[in-house]
Amino acid sequence: MPIAEVPNLIPALPEIFMVTVAMALLMLGVFQREGDGAATVQTARWISYLGAITLMLALLLLLTVAGGRLVGFSGLFVSDSFAVFFKTLVLIGAAMAIVLSPAYLEHQGIARFEYVVLILFATTGMMVMISANDLISLYLGLEIQSLSLYVIAAFQRDDIRSAEAGLKYFVLGALASGMLLYGSSLVYGFAGTTNFDALAAVFHAGEGNAPALGVIVGIVFILAGMAFKVSAAPFHMWTPDVYEGAPTPFTAFFSVAPKIAALALLVRIMIGPFGELVDQWRQIVMFLSIASMVLGAFAAINQRNIKRMMAYSSIGHVGYALIGLAVGTEAGVQGIMVYMAIYLFMNLGAFACILGMRRGERMLENIGDLAGLSRTHPMLALAMAIFMFSMAGIPPLAGFFGKFYIFLAAIEAELYALAVIGVLASVVAAFYYLRIVKIMYFDQPAEPLNRPIGREIAAVLLASSLIIVFFFAYPAPILAAAAAASATLF
Amino acid sequence: MIVQALAFYMFAFIAVAAGVMVISARNPVHSVLFLILAFFNSAGLFVLMGAEFLAMILIIVYVGAVAVLFMFVVMMLDINFAELRQGFLHYLPIGGMIGLVLLAEILVIVGGWIMAPEAAKTAMAPAPDALTNTRALGELIYTHYIFLFQAAGVVLLIAMIGAIVLTHRRRKGLRKQKIADQVRRRPEDTVEVRNVETGKGI
């Protein structure tokens with residue numbers, strides 16, 4: 001074993017910064033003078049502002065450090081443009097979720113500063129996952145992320161649904177981690193290394209020969225564990241309950257950031273070290289993809305609770321993104337990246353609308369409560385309609401382009417069945433998206449919702465709907481970044 | 001060599017027997033005690049393999065912390081274990097079936113197992129270059145794997161924050177010890193000398 005050099009910290013600077021600031025904010029919060037309820041709320045509020053600023057600074061740092069492929073910490077950590085792309089999405093998602101949070105938390109009487117600190121830690125975990133270049137750093141990043149998410153899911157601890165969400169997510173997440181670890185140990189046992197580059201070299205050297213059976217079993221277990229984390233069917237059971245029970249701004253965060261990170265990780269590990277074995281895992285990914293698309297389309301139809309509906313919708317979206325992975329080409333990966341970038345803004349926007357649904361002292365979650373929204377809140381209804389049309393994939397909104405690039409990649413790779421099922425599933429899914437638009441615009445208004453909906457919500461709505469509407473006019477930045485980033489994997 | 005083999009069979013037998021007793025003992029406290037016995041014997045197995053650091057960690061962490069924690073949980077929570085175990089026979093067929101499937105899978109994998117020739121040698125030499133285990137691990141953990149070490153630390157920190165967030169409640173009317181107030185107290189504030197006349201109260 002050679003003497004280790006001083007580790008190269010530069011690639012991991014954003015992560016180090018995030019952890020340090022998260023700990024500093026934790027200390028700040030803990031050492032606040034104990035006061036009455038109002039003081040706690042105040043502390044929570046300004047710490048959450050600091051948290052949002054931290055995320056933006058980390059983003060700045062990330063973009064400054066970016067450039068080329070930087071490997072740090074004896075090959076455990078890698079920062080390339082693929083990682084930078086996904087980390088940017090995760091940071092934006094986390095920052096928007098933090099901006100949405102304080103008003104809701106204060107209203108529910110659960111405003112505590114730990115919420116933001118945990119979100120910062122979760123975001124750091126996601127960044128470590130995205131940058132993982134070793135099975136062990138993959139697992140540790142995943143645990144940093146999951147552990148924080150378990151706690152935030154149960155944050156509203158006096159509410160039985162939130163406690164149930166936390167517990168359910170914890171038990172199933174632990175099971176998924178176990179499967180992932182078991183798969184990793186098999187891969188290590190048969191390939192003799194955990195480093196992604198070394199694994200790729202091992203499988204590349206054995207080109208032509210079928211890999212050992214143990215490796216394939218290991219890959220299947222890793223895939224199953226990751227499918228839990230991205231909530232792809234048939235590993236989706238926890239999703240609706242957790243989405244429904246967790247505090248709504250957290251659901252907004254939860255439906256985008258961890259999914260983006262886990263999908264990035266899935267792409268990196270499948271295309272990178274296991275890229276040579278694409279014939280072995282393609283069928284599994286295809287099955288996951290089809291099952292998720294079909295389940296997402298059909299199961300959402302019957303939902304009355306809008307958070308549950310969004311859960312099934314997110315399962316469907318993961319299915320579409322997985323098409324890109326099943327294709328396994330550069331175009332496919334680029335499709336995933338564009339899809340996830342657009343999904344981030346669509347979903348955050350839709351959840352911002354849901355956060356605006358409040359009547360009197362109660363938060364509303366039923367789809368029926370949206371009736372006649374166009375007459376009482378024309379702007380909110382318009383924004384919601386934009387997001388729903390975009391999710392259904394109606395041109396010229398951004399959601400259409402996301403699906404377009406994915407299906408294009410599938411057709412180029414001659415996976416026609418996958419593309420056809422994808423299109424059919426999105427037609428079915430369009431039913432429940434458009435039903436919401438119909439309820440908002442054509443049903444008799446119920447009691448009006450509260451006005452105003454709040455500045456933070458309005459800002460997030462405005463930003464995300466502008467991006468969704470005008471993506472077609474100037475898609476170049478996202479497309480170019482995705483193209484450059486996907487090229488680094490091949 | 002024969003002593004080593006005998007020691008191995010002793011530790012292995014007791015570990016397995018204790019493991020069986022953990023799940024079959026009627027009294028949950030006995031279960032935990034058997035668990036501790038199983039840990040000690042596994043530690044003995046580690047020592048036989050030359051992994052003395054792991055053996056010590058197993059005893060310190062598992063026996064010292066985890067098992068004692070189990071003991072507290074078992075004794076403080078009033079769990080009716082007899083009731084929990086009632087479903088055992090009921091679920092035996094399906095549980096046994098899943099067990100058989102897993103066994104078959106393991107057999108398939110072991111059947112496809114090809115050991116690399118050099119793997120056997122590395123497995124026999126846990127510590128390179130006649131270093132002690134602790135030193136060999138230390139040289140790796142704090143240099144090549146510093147990133148993982150720190151990340152594991154963050155995981156533990158989050159676990160601690162989570163436990164506090166989910167269970168700590170701030171109640172009103174608590175009487176906390178305020179050391180500053182205690183130190184600041186002077187005798188004059190609290191002690192009063194009175195002249196009490198004989199035969200009368202104050």
Side-chain angles (χ1 to χ4, degrees), chain A residues 1-7 9 12 15-16 19 22-23 26 30 34 37 40 72-77 112 114-115 117-118 121-122 124-125 128 134 136-137 139-152 154-155 157-158 163 166 170 186 189-190 192 212-218, chain B residues 101-102 104-123 125-131 135-172 174 176 178:
Chain A
M1 185 61 70
I3 304 246
E5 74 279 27
V6 177
L9 298 181
E15 284 82 358
I16 295 172
V19 169
M23 285 195 276
L26 180 67
V30 170
E34 229 174 282
T40 323
F73 295 108
S74 322
L76 293 169
F77 189 93
R112 295 172 69 186
E114 288 98 337
Y115 179 85
V117 173
L118 284 169
F121 275 123
T124 317
V128 172
D134 193 289
I136 310 177
S137 40
Y139 174 68
L140 279 172
L142 199 69
E143 280 309 299
I144 295 177
Q145 178 220 245
S146 307
L147 219 54
S148 324
L149 295 181
Y150 302 147
V151 179
I152 315 178
F155 203 78
R157 60 188 183 186
D158 295 323
F170 172 67
L186 279 175
F190 281 89
L213 194 59
V215 173
I216 298 172
V217 176
Chain B
V101 169
L102 285 178
E105 282 175 346
I106 290 174
L107 287 181
V108 168
I109 292 177
V110 171
W113 192 337
I114 307 153
M115 280 277 264
E118 61 269 25
K121 267 184 254 156
T122 31
D129 307 335
L131 288 177
R135 180 154 180 192
L137 277 173
E139 285 190 356
L140 278 181
I141 288 179
Y142 302 110
T143 55
H144 290 275
Y145 294 107
I146 181 74
F147 177 65
L148 303 178
F149 183 68
Q150 294 290 340
V154 174
V155 171
L156 289 180
L157 175 66
I158 294 169
M160 190 189 81
I161 300 173
I164 293 174
V165 165
L166 292 182
T167 56
H168 178 70
R169 273 163 213 276
R170 202 163 276 164
R171 268 172 295 175
K172 285 214 172 87
L174 276 183
K176 280 193 186 163
K178 288 183 185 155

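Reminder, nothing fancy here: chain letters follow the sequence lines and each chain counts from 1. Only a predicted model underlies this, so the values are computations on that prediction, with no experimental measurement involved.
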List, one per line, each side-chain donor-acceptor pair under 3.5 Å for residues 140-147 of chain A, sequence neighbours excluded.
residue  : atom : partner  : partner atom : Å
A:Glu143 : OE2  : A:Ser177 : OG           : 2.7
A:Ser146 : OG   : A:Leu142 : O            : 2.7
A:Ser146 : OG   : A:Lys229 : NZ           : 3.3

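Every side-chain hydrogen bond (donor to acceptor under 3.5 Å, both in side chains) that B:Arg135 has, sequence neighbours left out, goes to B:Glu139.
One finds the CD1 atom of B:Ile146 at 10.0 Å from the OG atom of A:Ser74 (value rounded to the nearest 0.5 Å). For the atom pair CE (A:Met23) and CG (B:Leu157), the distance works out to 6.5 Å, reported to the nearest 0.5 Å.
For the set A:Phe121, A:Phe155, A:Tyr139, the entry with the most heavy-atom pairs within less than 4.5 Å of chain B is A:Phe121. Taking A:Val19, A:Val151, A:Leu186 one by one and counting their heavy-atom pairs under 4.5 Å with chain B, the maximum is reached by A:Val151. With chain B as the partner, the residue from A:Leu76, A:Ile216, A:Val30 showing the most heavy-atom pairs under 4.5 Å is A:Leu76.
Using a 4.5 Å cut-off between heavy atoms, A:Phe73 contacts chain B through both its backbone and its side chain. Proximity to chain A (any heavy atom under 4.5 Å) is shown, for B:Leu166, by both the backbone and the side chain.
For B:His168 against A:Arg112, the heavy-atom pair with the smallest separation is O-NH2, 4.4 Å.
A heavy-atom distance below 4.5 Å is found between the side chains of B:Ile161 and A:Leu26.
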